[in-house]
Amino acid sequence: MNVRIRLIRHATLIVEYNGHKLIVDPMFDGPSVRPPIQNSPNPRNNPLVPLPMPAEEVVQGVEAALVTHTHSDHWDGTAARLLSKTTPLFGQIEDESKFRGQGFTQVQPVTSSVEWNGITISRTGGQHGCGEIGKAMAPVSGFVLRAKGEPTLYIAGDTIWCDEVQSAIREHNPAIIVVNAGAAQFLEGGPITMSADDVIATAQASSRARLIAVHMESINHCLLTRDDLTFQLDAARVIDRVAIPQDGEGVEI
Ligand SMILES: [Zn+2]
């Protein structure tokens with residue numbers, strides 16, 4: 001069966017997998033309601049753009065949520081309010097008490113892997129930046145979804161290209177990889193999410209996979225635009241394998 005992935009905005013995705021509808025990293029705040037990320041360039045209020053459709057519409061029919069980590073651009077108060085409290089909520093163990101504190105009753109921490117409706121959900125690691133910044137931003141997770149007869153889907157989460165991403169690709173051999181690009185950064189230090197070079201490295205390390213690049217043009221410190229990324233992927237001759245959806249746009253693989 002084909003997998004349908006619709007980018008809502010930033011890292012928020014609707015994933016239709018093995019006949020089930022999941023939401024990834026819901027962020028539903030309206031435009032400009034939050035201040036800029038502290039100590040970041042391009043200081044504008046967040047999110048930079050509105051949702052492409054009402055959040056109430058996005059959550060309709062959602063059967064489960066995957067949350068890679070709870071930084072405000074991946075899990076916000078509006079999402080916590082709009083999702084049903086009985087939604088199965090898969091995330092990293094470090095975020096379990098936060099979800100329970102917000103009233104969610106079916107919180108399922110993924111330390112290695114869990115089964116849900118015929119889908120094996122495995123946790124993967126990552127590095128949300130290099131050195132001290134990466135340590136301060138940790139922990140983060142990604143997830144691999146696998147089911148009989150379905151292409152394996154790897155949602156890398158907020159990570160740069162690193163050993164953890166490379167070993168996730170080796171171990172799971174995904175057919176589809178969602179990468180968080182944007183090359184988010186603070187005033188000092190390198191990118192904390194994938195730069196164009198990181199997306200290229202991911203594509204080259206997974207020669208059979210299709211990539212979907214998201215996490216751009218919605219939060220002030222994400223400086224890499226879709227146009228910049230397209231240009232650089234084209235120059236590196238990997239553009240044919242990388243989809244760069246607009247907000248609201250779906251990709252079927
Ligand atoms: Zn992020």
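In each ligand, atom 1 is the first atom listed, and ligand 1 is the first ligand listed.
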Which pairs of donor and acceptor atoms, one on a side chain in residues 101-112, lie under 3.5 Å apart (sequence neighbours left out)?
from	atom 1	to	atom 2	distance (Å)
Gln102	OE1	Trp75	NE1	2.9
Thr105	OG1	Lys85	O	3.3
Gln106	NE2	Thr86	O	2.9

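- In this view, Ala136 satisfies the side-chain contact (heavy atoms from CB on, under 4.5 Å) rule with no residue, not counting sequence neighbours.
- The closest side-chain donor-acceptor pair between Arg146 and Thr152 falls under 3.5 angstrom.
- Residues His128 and His71 have side chains in contact (heavy-atom distance under 4.5 Å, counting atoms from C-beta outward).
- No donor-acceptor contact under 3.5 angstrom links the side chains of Asp158 and Thr193, judged on distance only.
- Around the Zn ion (ligand 1), the protein atoms of type N, O or S found under 2.8 Å away are Asp73 OD2, His74 NE2, Asp158 OD2, His215 NE2, listed by chain and number.
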Exercise answer: donor-acceptor pairs, residues 22-30 side-chain atoms, under 3.5 Å, sequence neighbours excluded:
from	atom 1	to	atom 2	distance (Å)
Asp25	OD1	Thr68	N	2.7
Asp25	OD1	Thr68	OG1	3.3
Asp25	OD2	Thr68	OG1	2.8
Asp25	OD2	His74	ND1	2.7
Asp29	OD1	Thr78	OG1	2.4
Asp29	OD2	Arg34	NH1	2.7

